[in-house]
Every structure is written in structure tokens, then in C-alpha cells.
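Before any comments, here is the structure.
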Amino acid sequence: MLQEALREIQRGSAEIIDMPRVETLLKAYFIEGKTYTVKAGFDPTAPDLHLGHTVLLQKLATFQKYGARIQFLIGDFTAQIGDPTGKSATRKTLSQADILENAKSYKEQVFKILDASKTDVVFNSEWINPLGASGMLTLTTTYNVARMLERDDFDKRYKSGVSISISEFIYPLLQGYDSVHLKSDIEIGGTDQKFNLLMGRYLQRAYEIGKEQSVLMMPILEGLDGVQKMSKSLGNYIGVTEAPNDMFGKILSISDELMWRYYELLSAKSLDAIEALKNGVADGSLHPKTIKEDLAMEIVARFHSNAAANAAKEEFDNVHAKSQIPTDIEEFECDGAVWIAKALVDCNIAPSTSQARRDIKQGAVKIDQEKISDEQLQLDKGEYILQVGKRKFAKLKVN
RNA sequence: GGUGAGAUAGUCAAGUGGCCAACGACGGCGGACUGUAAAUCCGCUCCCUACGGGUUCAGAGGUUCGACUCCUCUUCUCACCA
């Protein structure tokens with residue numbers, strides 16, 4: 001049981017610092033039922049969570065399964081500085097109302113994964129504000145510039161002469177101080193957070209709180225392309241609030257290789273079960289596609305429902321495997337006869353009439369399942385199902 | 001503040017007076033094959049009811065029969081110096 005727990009905790013992690021203490025904590029839980037705390041910090045900016053974020057959340061959920069109380073920290077104070085990525089120097093400060101609003105929508109999304117009864121949502125302004133100037137000063141005496149410059153991006157910027165604001169030095173210190181205040185036993189974060197995470201460990205020692213947090217770092221999840229990290233700006237993400245059908249489709253579009261990565265980091269299946277699947281695919285007894293469907297179902301079910309997952313699968317089969325028409329198509333109307341190219345543009349399934357003509361020429365356009373080739377076709381009165389390629393559909397009613 | 005280099009389509013990047021709606025690469029889209037995967041192959045990739053027309057190469061002027069290409073100014077970017 002303990003071994004199983006430790007394996008699940010280590011699963012997919014990039015690096016764990018002070019694993020022995022994690023073992024001690026778990027042992028204490030299994031033997032005496034003693035709980036411990038796991039901290040994770042989040043930005044109070046608009047939470048539009050995607051699967052990349054859920055990697056961390058699921059790790060937290062695993063900890064909850066094994067006796068942890070989660071300190072879900074919303075960095076409302078630290079957000080005023082912004083984690084020094086060197087990209088944008090200043091951030092706009094959020095109003096109290098905005099922060100509360102964002103926190104609320106965080107909760108809606110996050111508690112689909114986390115057990116709310118074992119989670120404390122905390123804001124770091126709560127203890128950082130009372131710190132005052134003197135408290136802040138004390139904090140800064142714990143560290144020095146040379147060590148601060150150990151941080152990779154500081155080092156690079158310093159050497160290449162890019163400006164580093166003093167306030168950016170404060171950021172890691174404050175994040176570390178959060179761990180002091182919360183007396184966290186473990187903190188988890190992405191690999192990019194290593195310096196800050198270790199700062200918590202260091203400051204807990206400096207403030208003599210009698211423990212030093214262990215640190216668990218999770219890798220950054222690759223996006224749909226399998227190469228770059230999942231992020232909204234790159235457009236290779238799957239948002240947790242996306243519609244079931246979209247979610248399902250996106251997961252099915254990932255490569256087989258990436259699928260295993262997603263299994264490891266996102267699935268609730270045990271490592272043994274996943275291993276069995278891998279073997280099955282390797283010896284040909286299992287088809288990769290069904291495995292991928294299972295993953296897609298699992299994830300859709302997590303953020304929506306089992307029913308939604310089943311529906312998404314069915315829809316997907318209809319549309320793609322049997323190449324039928326999806327049930328839910330956008331509808332448009334127009335008056336009088338229309339030229340087909342124009343109609344495709346009006347229905348938002350072609351960007352321009354030029355493109356529409358090209359599509360027709362290439363045999364990509366279908367009306368009511370029939371391929372067409374006449375660029376000059378006029379649509380008379382009636383209802384039509386227009387299709388460009390395999391995925392773009394629209395229903396058009398000509399009056 | 002000084003000097004030099006540069007700005008070309010979604011991105012990178014050719015083109016240094018007509019052969020330019022502009023090589024190529026990537027991306028994207030479509031087709032074949034499939035498992036809406038990967039790999040591969042083929043086609044397309046400014047707009048317009050189109051064997052034609054229109055608007056493009058940072059912006060504004062100018063030279064020229066003709067400009068992405070030459071000149072002037074403006075804006076912005078980068079490098080070196082201070």
C-alpha cells in the first residue's frame with residue numbers, strides 16, 4: 001500500500017527533492033493516520049485552465065488520496081510583481097473584485113479534480129500585507145544577490161545586460177515566504193519553478209520553523225503538436241471548459257507517442273494498467289485507436305460527464321468513421337438564389353470566394369454528401385448541407 | 001548622442017529596373033492512403049462571379065514608358081561606438 005502510494009506520487013514527476021521525507025510523511029499517514037500539507041501556487045489572473053495545468057492538479061489529487069491537505073494558494077500579492085520571466089516587465093494590478101471573481105471560477109474548474117473538503121484556498125496577501133516594511137526587510141536579509149543570480153534567467157539577463165528590476169528579486173523570496181507562513185510539508189510546481197520552490201525550502205530553514213519542505217516538480221505538458229508546451233497562445237491546448245466533442249476530437253488527433261505521455265500525466269489509470277495497455281499495443285492485441293478513445297473518454301468524463309463522453313464518442317464515430325454528418329451543425333439562411341462560392345463564405349466554412357473556388361476545384365466541397373465540381377453552381381430555394389473538407393459543415397436554407 | 005545595417009505574404013527568407021502576385025522553407029488547407037494518428041505522395045496557399053480585373057513588398061513623395069528593386073523624407077528594428 002505504501003509502496004503503491006509512493007509509486008503513484010513519483011509517477012510522471014520530473015524531479016523530487018528530499019524524497020526520504022515524503023516517505024516519512026506517508027508512512028506517518030498510513031500508520032498513524034497523520035495528515036500533512038501540500039502547497040501549490042496559482043496565478044490570480046483569469047483562470048482559463050487547460051490540460052497542462054491539470055497535470056499539477058492531478059498530482060495534488062493523488063496526494064489527497066494519501067492523506068494530504070492541499071494548500072491551494074492564490075498569489076494575489078505576488079501577482080503585483082509578476083514572476084520574473086523577463087518577458088513583460090510590468091503587469092497591471094488586479095482589483096480585489098477581479099481577484100475574487102477569478103478565484104471563484106478557479107474553484108469551479110479545480111474542484112472537478114480536487115476534493116474540496118481536503119483543500120484550503122488561501123491568498124498570500126493575507127500574510128504578506130501585514131508583514132510591513134520591516135518584515136519585508138527581514139525577509140531580504142535572508143538572501144544575497146550572488147545567490148539570487150544563480151537563477152537561470154537572472155543569470156542570463158545579467159550577463160547579457162538585460163535589465164532586472166529589484167522587485168523581481170522579491171518575487172522568489174515572497175513565494176518562499178508563503179511556505180514559511182503555511183508551514184508546508186511539500187510544495188509542487190512545474191520544472192520551470194525550481195528556483196522558487198527551493199527558495200521555500202531555504203527560507204523555512206532560515207526562519208527556523210522546524211521543517212524543510214520537500215519539492216516535487218512536474219514536467220511541462222506538451223501541446224497537441226507534441227513538441228511545444230501546451231499553451232493558449234500557441235493554440236495547441238485543450239481547455240477544461242471546452243465542449244465534449246471538441247475535447248474528444250482534439251485528444252484523438254494527438255500522435256500515438258504523445259498519447260502515452262498524456263496517459264502518464266493525465267490519466268487516473270494505474271501505472272500497471274497503462275503498462276498493460278502498452279504491451280497490448282506492442283504485441284498487436286490492442287489497437288492504438290481504441291486506447292486513445294479510452295483516454296479521450298476518460299478526460300471528457302472528468303470535465304463533463306460519462307454521458308457526455310459516450311455521446312462524444314458516438315458523434316465522433318458517426319462523423320469520421322462512418323463519415324456521416326454531425327448532429328450539431330450551424331445553420332444559416334439567405335434570400336434568393338446564391339452562388340455556391342458566396343454561400344460557403346457566408347456560412348463561415350471558406351475564408352474567401354477565391355479559396356472557395358479552389359476548394360471546389362480540388363473536390364473538397366460537398367452538398368448533401370455529393371461532391372460538386374461546378375464553380376458556378378447556383379443554389380436555388382431549399383435546404384442544403386454544405387461541407388468543405390472533412391470537418392467543416394454548415395446548413396444553409398435558401399428562401 | 002554618433003555611425004552602420006535593415007523593414008518583403010501567417011512565420012522565416014530569396015529577389016537589387018521589365019521574365020514578379022513575387023524562388024524556397026515552415027506552417028496552414030484540400031486530395032490519396034488511413035485510425036480526423038504518424039509517415040508518405042499530389043495539389044493549393046492576396047482579393048474579386050475570374051482564360052479577365054483589382055490591391056500588395058514599413059509609410060509618404062519623386063525619377064522612369066515601366067519600381068520590391070533607384071532617389072528623398074518619415075516611422076520602426078537591429079548592430080557597433082559614446
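Order of the sequence lines sets the chain letters (A, B, ...), proteins ahead of strands, with each chain counted from 1.
A donor and an acceptor atom, one from each side chain of R11(A) and Q58(A), are nowhere located under 3.5 Å apart. In this model, a donor atom of one side chain and an acceptor atom of the other lie less than 3.5 Å apart for R358(A) and Q355(A). Residues D115(A) and S117(A) bring a donor and an acceptor atom of their side chains to less than 3.5 Å of each other. Side-chain atoms of Q71(A) and S184(A) include a donor-acceptor pair closer than 3.5 Å. For the residue pair D185(A)/Q213(A), the side-chain donor-acceptor check at 3.5 Å is not satisfied.
A nucleotide of RNA chain B counts as in contact with chain A when one of its atoms lies under 4.0 Å from a heavy atom; the first and last such, 5' to 3', are C29(B) to A50(B).
Ring geometry for F195(A) versus F154(A): interplanar angle over 60°, hence perpendicular rather than tilted (30 to 60°).
Pair assignment for C19(B) gives none, since no Watson-Crick or G-U wobble pairing has each distance under 3.5 Å. Both distances falling under 3.5 Å, in either a Watson-Crick or a G-U wobble arrangement, occur for no nucleotide opposite A50(B). Searching all strands for a Watson-Crick or G-U wobble partner of U63(B) with both distances below 3.5 Å returns nothing.
Among the heavy atoms of the strands lying under 4.0 Å from K292(A) is at least one base atom, whether or not backbone atoms are also near.
Applying a 4.0 Å cut-off to non-hydrogen atoms, the residues of residues 239-258 of chain A that approach RNA chain B are G249(A), S253(A), I254(A), S255(A), D256(A), listed by residue number.
Remark: K278(A) fails to qualify as a cation-pi partner of Y263(A) under the 6.0 Å distance and 45° angle criteria applied to the six-membered ring.
Heavy atoms from other residues, nucleotides or ligands lying under 6.0 Å from CD of E208(A) number 12 at most.
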